[in-house]
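What you see is a predicted model, and the numbers here were worked out from it, not measured in a lab.
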Amino acid sequence: MAEQFRSTDALIDALADVSFDRPPALVSNAHVTGLGVARALDAHDVPVIALDRPSDDVGGGEAGGGGRTSGGGRAGSDGTRRHDGLAPPSDAVDFAGAVTYPLDDLDGFREDVEAVVDAIGREAVAFGCMDEWALAYARADPEGVRLPFAGIDTLDDVLNKSELYATCEALGVPYPETYRLAETADAATGTPDADATLDEAAEALGFPLVVKPELKRDFEEAFGTNVLEVADREEFADAVAAAEEEGIAVMAQKRVDIATGRDHSLASYVPPSGVEDALGVVGNAAVRYPQQFGTSCLVETADEPDIEARALAVLDDAGYHGISEAEFVYDDGRGEFLLLDVNTRPWKWIGMPVAAGANLPMAAYAAVTEAEYESPGIEPTRWVYLRDYLSLLAGDDAFWDQLSAADWRRLVAGDFEREGDLTTGVYRPSDPAPAAKLLETEFVDRDYYCAC
């Protein structure tokens with residue numbers, strides 16, 4: 001395991017003293033998603049270096065998130081930084097350390113990553129596990145870093161909601177009723193023109209409705225969330241005015257009457273050769289925490305060929321290759337699945353397809369290195385994030401446990417790692433340090449900057 005989360009300088013010094021027989025993986029961020037990716041790669045003996053912003057730099061301070069200039073003064077006498085994420089103590093992580101946070105300083109991020117790669121002495125493979133990290137690796141394009149996913153132009157097209165929904169319209173893929181607003185059209189980067197004014201959208205959709213950005217990263221920074229639900233015209237007008245002032249293009253979307261427990265996603269890796277060679281698993285987010293609009297805490301494999309076909313059609317049209325999650329919700333009113341979003345990166349429950357037989361990170365790694373990977377076939381699998389699942393059981397009287405007594409016995413005994421169809425997000429007796437760290441940090445008065 002990575003015994004320390006090091007400052008950038010200390011990480012570079014440590015890497016200079018070791019050699020790697022194959023390209024190491026650079027995994028960012030270093031929390032639940034990064035842990036899942038690290039474990040998936042470590043299962044095939046891929047060395048993992050976790051790179052993240054340090055927790056003692058979150059919320060401000062000197063420019064950047066822990067780079068050689070901005071972060072050096074905050075390092076401990078032994079070159080360590082505080083980091084509350086769960087990946088670094090894992091046995092799957094060989095080294096862990098700080099780099100400049102790309103949303104603070106993209107050039108500083110590039111310089112830090114290039115210095116890390118120079119210390120490694122050979123090329124590395126990047127895995128961005130949140131939007132800002134995946135986009136930063138693509139946009140900065142650090143020398144010596146191989147990207148196992150499409151370039152920045154393709155990423156921008158897939159992540160742009162205007163472009164995505166225009167693609168859905170052209171392909172006949174159902175999506176929520178959506179109007180691009182004329183009031184923020186000047187800030188739009190997508191090719192489709194505005195569909196309606198604020199008043200026209202309100203008349204067509206009624207209230208409540210959802211205000212959604214064309215590109216969510218700037219919207220999240222300005223509003224602290226990636227969507228806003230508004231109850232009336234006054235709230236709608238205020239939200240659109242605020243977006244206009246920030247220079248952010250937004251759209252109005254019908255609030256979908258979502259069937260709880262029926263959210264599905266295609267988890268896939270599409271190689272450069274195209275969707276015909278894609279490796280994928282459809283997952284049903286059977287339980288979220290909180291239940292209506294929270295993150296997934298119980299996901300199970302599902303047989304939904306239409307969802308797989310529609311998701312791959314969208315990815316094919318965009319020319320995207322790499323790991324992705326195409327999210328669908330079931331609209332009770334329309335009686336069909338609607339495409340909400342495509343995440344062009346790993347996500348929180350990436351361990352489910354890995355356990356099912358589709359090791360998407362390893363497939364991506366093999367595509368840009370001399371390594372080989374072939375799926376052994378897909379088996380029914382469930383994934384649970386116990387922290388959130390237990391919180392739901394303890395705090396929601398209406399929720400009934402969906403795990404069996406046998407499941408709980410296997411979890412407590414650790415037998416689930418060897419038998420059954422259940423895997424976990426963090427807790428694994430064979431790799432106990434991440435779960436132990438979660439318990440250590442759960443009861444202190446600070447939050448990791450990212451829940452995933």
query = Just by distance, do the side chain of His264 and the backbone of Arg262 share a donor-acceptor pair under 3.5 Å?
reply = yes
note = Of all heavy-atom pairs linking Ala30 and Pro88, the shortest is O-CD, 3.6 Å
ask   = Do Glu214 and Ser162 have side-chain N/O donor and acceptor atoms under 3.5 Å apart?
value = yes
ask   = Are any non-hydrogen side-chain atoms of Asp306 and Phe337 less than 4.5 angstrom apart?
value = no
query = What heavy-atom pair brings Leu171 and Ala313 nearest, and what distance separates the two atoms?
reply = CD1-O, 3.5 Å
inquiry  = Under a 3.5 Å distance rule, please check whether Thr225 uses its side chain to pair with a backbone N or O of Phe223 as donor and acceptor.
reply    = no
message = Looking at every heavy atom in both Phe127 and Pro361, which two are closest together, and how far apart are they?
response = CZ-O, 3.5 Å
inquiry  = As a test of understanding, state which of Asp388, Asp263, Thr295, Thr260 forms a side-chain hydrogen bond (donor to acceptor under 3.5 Å, both in side chains) with Arg288.
reply    = Asp263
remark   = Correct closest heavy-atom pair for Thr344 and Val158 would be CG2-CG1, 3.6 Å
inquiry  = Rounded to the nearest 0.5 Å, what separates atom CD in Glu220 from atom CG in Leu103?
reply    = 9.5 Å
message = Looking only at the side chains, is there a donor atom on one of Asn160 and Thr189 sitting less than 3.5 Å from an acceptor on the other?
response = yes
message = For a side chain to side chain donor-acceptor pair (under 3.5 Å) check, start with the C-alpha distance between Gln4 and Thr80, then their side-chain angles and the critical distance, and finish with the verdict.
response = CA-CA 6 Å; Gln4 301 171 330; Thr80 61; 5.8 Å; no
ask   = Counting N and O atoms only, with roles assigned by atom type, does the side chain of Asp94 sit under 3.5 Å from a partner on the main chain of Val48, one being a donor and the other an acceptor?
value = yes
Pairs under 3.5 angstrom only: tabulate donor-acceptor contacts from the side chains of residues 430-444 to other protein residues two or more places apart or in another chain.
from, atom 1, to, atom 2, distance (Å)
Ser430, OG, Glu417, OE1, 2.5
Ser430, OG, Glu417, OE2, 3.3
Asp431, OD1, Asp91, N, 2.8
Asp431, OD2, Arg39, NE, 3.0
Asp431, OD2, Arg39, NH2, 3.1
Asp431, OD2, Ser90, OG, 2.6
Lys437, NZ, His83, O, 2.5
Lys437, NZ, Gly85, O, 2.8
Thr441, OG1, Lys437, O, 3.0
Thr441, OG1, Leu438, O, 3.4
Glu442, OE1, Arg387, NE, 3.1
Glu442, OE2, Arg387, NE, 3.3
Glu442, OE2, Arg387, NH2, 3.2

ask   = Would Tyr427 and Phe416 count as a close aromatic pair, with their ring centres under 6.0 Å?
value = yes
inquiry  = Under 4.0 Å between a side-chain nitrogen and a carboxylate oxygen: does that hold for Asp156 and Arg139?
reply    = yes
message = Can you see whether Tyr389 engages Asp401 through a side-chain donor-acceptor pair at a distance of less than 3.5 angstrom?
response = yes
key: Donor-acceptor under 3.5 Å (Arg255 side chain, Val210 main chain)   = no
key: Ion pair Glu123/Arg146, N-O distance below 4.0 Å   = yes
query = Between the side chain of Asp56 and the main-chain N/O of Arg82, is any donor-acceptor distance below 3.5 Å?
reply = yes
ask   = Step by step, would you call Thr154 with Phe149 a side-chain contact (heavy atoms from CB on, under 4.5 Å)?
value = CA-CA 10 Å; Thr154 302; Phe149 52 87; over 6 Å; no
key: Atom of Ala413, atom of Arg418 and distance for their closest heavy-atom approach   = O-NH2, 4.5 Å
ask   = With a 4.0 Å cut-off, would you call Lys161 and Asp341 a salt bridge?
value = yes
request  = Examine the side chains of Tyr179 and Gln253 and answer whether a donor and an acceptor come within less than 3.5 Å of each other.
outcome  = no
query = Would you say the side-chain atoms of Ser28 and Tyr137 include a donor-acceptor pair closer than 3.5 Å?
reply = yes
inquiry  = Within the structure provided, determine whether Thr424 and Leu411 are in side-chain contact (heavy-atom separation under 4.5 Å).
reply    = yes
Distance-only side-chain donor-acceptor flag, Thr381 / Glu300, under 3.5 Å = no
message = Would you say that more than 12 heavy atoms from the other residues, nucleotides or ligands in this model lie under 6.0 Å from the CD of Glu3, or not?
response = no
task = Return yes if some donor-acceptor pair links the side-chain N/O of Glu235 with the main-chain N/O of Ala231 below 3.5 Å, else return no.
result = yes
key: Approximate separation, where rounding is to 0.5 Å, of Glu419 CD and Asp421 CG   = 11.0 Å
request  = Using atom types as modelled and distance alone, determine if a side-chain donor or acceptor of Tyr373 lies under 3.5 Å from a backbone N or O of Asn359.
outcome  = yes
task = Show the numbers, then the answer: is there a side chain to side chain donor-acceptor pair (under 3.5 Å) between Tyr165 and Glu163?
result = CA-CA 6 Å; Tyr165 293 148; Glu163 299 283 359; over 6 Å; no
inquiry  = Test side-chain contact (heavy atoms from CB on, under 4.5 Å) on Leu26 and Ile120; report intermediate values, then the result.
reply    = CA-CA 11 Å; Leu26 307 179; Ile120 291 170; 4.3 Å; yes
query = With a 4.5 Å limit on heavy-atom distance, are the side chains of Pro174 and Leu338 in contact?
reply = yes
query = Does Ser7 reach the main-chain N or O of Ala10 with its side chain, forming a donor-acceptor pair under 3.5 Å?
reply = yes
query = Do the side-chain N and O atoms of Ser404 and Asp407 include a donor-acceptor pair separated by under 3.5 angstrom?
reply = yes
request  = For the pair Arg345 and Asp131, find out whether any cationic side-chain nitrogen is under 4.0 Å from an anionic carboxylate oxygen.
outcome  = yes
request  = Return the orientation label for the Tyr385 and Trp383 ring planes: parallel under 30°, perpendicular over 60°, tilted otherwise.
outcome  = parallel
